[in-house]
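Just so you know, these numbers use all the heavy atoms, side chains as well, and skip hydrogens, waters and symmetry mates. Numbering of residues begins at 1 and proceeds along the displayed sequence. Every number for a ligand or one of its atoms is a count from 1 in the order of the listing. Computed from a predicted model, the values in this text were never measured in an experiment.
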Amino acid sequence: MTIQWNEMIVPDARALRTSEIRDLLKVAERPEIISFAGGVPDPKLFPLATFNAVYGDLTGDEVAGRRSLQYSISEGLPGLRQWIADDLAAAGAARDIENILITCGAQQGLDMLARLFLEPGREIVLEKPSYLGAMQAFSMRRPSYVGVNMDDDGPIIAELDAAFANGARIAYLSPDFQNPTGRSYSLDRRLAVLETARKYGAIILEDAAYCKLSYEGEMLPSLLALDEVNGDRDAGTVIQLGTFSKTMAPALRIGWITAPRPVICQLVLMKQAGDLHVSTINQEVALRAATALFPAHIETLQDAYRAKRDVMSAALDETMPEGVSWSRPQGGMFIWLTLPENIDSRALLAEAMEDAHVAFVPGQAFFCDQSGGNTARLSFATESTERIVEGIKRLADLIARKGNQ
Ligand SMILES: Cc1ncc(COP(=O)(O)O)c(C=O)c1O
């Protein structure tokens, strides 16, 4: 008898969909395409020499080498968690190592938090637009999305308040250099978000993936840092996701969740059941590399990405026709483009790839309500400055031609 695979697969798994955009963007990997579509760091900035030395030192050491190739505890290596706790404390968010779980990238953190807090129909508040990978992780649990609109200072508080007043008790937010818009919250808005969440006893999942990639101005405290309740590290409302993917290398697959202890305890059980722990050797390497590299390497990244952001911003200023606007991110990897209402960025992508050999990500994919048809995400992280200038010019010419049609 033939197996009906679709009927065997549970509804949670069937909720995952492939995206036609993803298929289209596979073509963007061809060298002749100038791609602003990637969501990845610039590989030229990976600290290769440090990794070479650190992996070599480790595997060349009889004791540390063998220990780093062994199983280890599900919470993550205490030394690495202590490094993260110290780094958080330096950013004003003092926590104990018992508040930290090492995960396989922040993405696994999102998946674990989805399994911990979401179930079919349960509401979760998302920024409009929001990080696509988070929506994919959440969608497995078939929650109900409540989108809140954003202005330049962060989420509109009246909308957040209404979402909580209507029963939502979880919000997923990215206050620093958001993927996909590059926008950050002002200090006042951070405080207002926290106050609103506390008013309703709602929890906040704070994605801090890009927080260290700050190119100007003072770094504002994270929601986690502002979430102090009488010095009690387990009484807060914020759970934060961190990662070394943007500051060292994504292939390390080292991320972490910082949360009140009861949450971490439950997550540790899930980690044990799921994949036991994150690669011991990669945790050890991440600790040694971070100790050796930071903060100088962060400054190298900031300088390199700031220069690319400036080049892309200037190219947009010089070439984009009337009616197109874009974000002015103070950090991160992305600029968010808003096109005239009559231009559909999905259709534009097909033409841009075919005629102009330029790729970007149409913005609609980042909206939980399928709005944003005239928006696009541009990454300035991976292309050279020459190709950024050329690619923006080609895109601007195409948009101008469409505007005239
Ligand atoms: C906002 C955001 N959060 C989380 C992640 C996942 O990062 P990783 O799993 O590599 O730590 C990404 C990756 O692009 C991201 O942009």
Problem - Protein residues that have a heavy atom under 4.0 Å from any atom of ligand 1, sorted by chain and number - result: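 Correct list: Gly105, Ala106, Gln107, Tyr131, Asn179, Asp207, Ala209, Tyr210, Thr243, Ser245, Lys246, Arg253.
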Can you find a heavy atom in the side chain of [X] that is under 4.5 Å from one in the side chain of [Y]?
X      : Y      : answer
Trp256 : Leu80  : no
Met135 : Tyr145 : yes
Asp227 : Gln240 : no

Exercise for the section: Find the distance between CZ (Arg169) and CD1 (Ile203) and round it off to the nearest 0.5 Å. Expected result: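 Those atoms lie 11.0 Å apart.
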Problem - Spacing of CZ belonging to Phe244 relative to CD1 belonging to Ile84, to within rounding of 0.5 Å - result: 5.0 Å
Problem - Identified side-chain contact (heavy atoms from CB on, under 4.5 Å) counterpart of Leu173 within the set Arg190, Glu127, Glu206 - result: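 Answer to the side-chain contact (heavy atoms from CB on, under 4.5 Å) test with Leu173 among Arg190, Glu127, Glu206: Glu127.
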